[in-house]
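All values below come from the heavy atoms of this structure, side chains included, with hydrogens, waters and symmetry mates left out. Just so we're on the same page: letters track the sequence lines, and every chain starts at 1.
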Amino acid sequence: DVKVTQSSRYLVKRTGEKVFLECVQDMDHENMFWYRQDPGLGLRLIYFSYDVKMKEKGDIPEGYSVSREKKERFSLILESASTNQTSMYLCASNRDNNYEQYFGPGTRLTVT
Amino acid sequence: RKEVEQDPGPFNVPEGATVAFNCTYSNSASQSFFWYRQDCRKEPKLLMSVYSSGNEDGRFTAQLNRASQYISLLIRDSKLSDSATYLCVVNDFNKFYFGSGTKLNVKP
């Protein structure tokens, strides 16, 4: 059974803080993704990675960076959190040539 | 213009009803298409892939119309447990584009 876990379900941070969101998958998937989900806007892709140490910008990468040092782990970093980054953050993974994405439970981040 | 557009609903239907959702996409070169289901405060999960020839899984039928660039999902004999948000998803070279979802409420 595929499992994608995220380090926190709920997180409250202050404006200007550096924030780390961790995602781990246990199925040896090549591809990993970070999305944010906001009401009326759906899921929007922030970054994705198709291999260790590889990363690609998604549609809304500004204000974010990522790190993938190990195949199973994909981290999202908010260098200096701002209130407009308050959102639900979802991590996902999939295998090459198998398009089904498996999602983690999400991290609801509030920046005050 | 959004890559994928859906009617947000909500669609309020009685148990046993048939309900259909549509979704349009903007990139004619899109390769793969899916419907995901998302329950309240939960993560999205794959409901079904959508093939050019159409496909059926029990009470659910998905259709793809490439010429008009839309995807549909038909749910027959709705159950209370079908209440959820249904997300239309389009894949372009391993980048996934999600619609904002259509909310379905099935009432007793």
Side-chain angles (χ1 to χ4, degrees), chain A residues 1-6 8-10 21 23-25 27 29-51 54-61 66 74 87-109, chain B residues 1-11 21-27 29-52 55 57 60 62 64 71 73 84-104:
Chain A
D1 198 24
V2 178
K3 197 159 184 187
V4 181
T5 56
Q6 295 183 227
S8 306
R9 291 301 302 272
Y10 300 94
L21 302 181
C23 174
V24 178
Q25 50 92 5
M27 286 302 293
H29 285 172
E30 291 84 7
N31 307 310
M32 297 187 74
F33 306 80
W34 275 106
Y35 298 90
R36 62 178 284 177
Q37 186 173 28
D38 301 287
L41 296 176
L43 276 79
R44 292 180 290 166
L45 181 64
I46 304 171
Y47 269 95
F48 67 104
S49 168
Y50 52 86
D51 203 351
M54 305 300 288
K55 61 184 179 184
E56 293 281 343
K57 291 181 180 179
D59 300 311
I60 50 163
V66 290
F74 193 33
S87 188
M88 171 66 84
Y89 289 87
L90 287 158
C91 175
S93 70
N94 75 338
R95 193 178 298 284
D96 274 349
N97 300 318
N98 179 339
Y99 290 124
E100 179 176 1
Q101 287 197 309
Y102 294 87
F103 284 84
T107 295
R108 184 163 293 282
L109 172 67
Chain B
R1 185 185 171 189
K2 286 185 181 178
E3 295 276 345
V4 181
E5 304 230 32
Q6 293 181 251
D7 180 344
F11 285 57
F21 311 135
N22 284 334
C23 152
T24 58
Y25 61 96
S26 60
N27 185 354
S30 296
Q31 302 166 308
S32 313
F33 309 89
F34 311 88
W35 283 101
Y36 276 68
R37 171 192 169 128
Q38 186 173 24
D39 293 300
C40 190
R41 303 190 202 287
K42 297 280 193 179
E43 71 273 22
K45 292 186 179 177
L46 180 67
L47 177 67
M48 58 198 305
S49 302
V50 187
Y51 305 120
S52 298
N55 49 305
D57 183 3
F60 298 83
L64 167 64
I71 307 151
L73 177 68
T85 297
Y86 291 84
L87 306 175
C88 176
V89 184
V90 171
N91 176 275
D92 293 340
F93 300 100
N94 213 28
K95 283 181 72 174
F96 293 83
Y97 296 94
F98 286 74
S100 53
T102 297
K103 189 170 174 59
L104 172 65

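If you measure heavy-atom distances from Tyr50(A) to chain B, you find no contacts under 4.5 Å at all. Heavy atoms of Asn94(A) lying under 4.5 Å from chain B belong exclusively to its side chain. The parts of Pro44(B) that come within reach of chain A are both its backbone and its side chain, each placing non-hydrogen atoms under 4.5 angstrom from that chain.
Considering only heavy atoms from C-beta on, Leu43(A) stays 4.5 Å or farther from Phe96(B) through its side chain.
The distance from atom CD of Glu43(B) to atom CE of Met88(A), rounded to the nearest 0.5 Å, is 9.5 Å. The NZ atom of Lys95(B) lies 11.5 Å from the NZ atom of Lys57(A); values are rounded to the nearest 0.5 Å.
Here Gln38(B) is the residue among Gln38(B), Lys42(B), Gln6(B), Gln31(B) with the most heavy-atom pairs under 4.5 Å with chain A.
A donor-acceptor pair is defined here as one N or O able to donate and one able to accept, closer than 3.5 Å; such a pair exists between the side chain of Tyr36(B) and the backbone of Gln101(A).
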key: Residues Phe98(B), Tyr35(A); criterion ring pair (Phe, Tyr, Trp, His ring centres under 6.0 Å); working and verdict   = CA-CA 10 Å; Phe98(B) 286 74; Tyr35(A) 298 90; 5.2 Å; yes
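The heavy-atom pair separating Ser100(B) from Gly40(A) by the smallest distance is CB-O, 3.7 Å.
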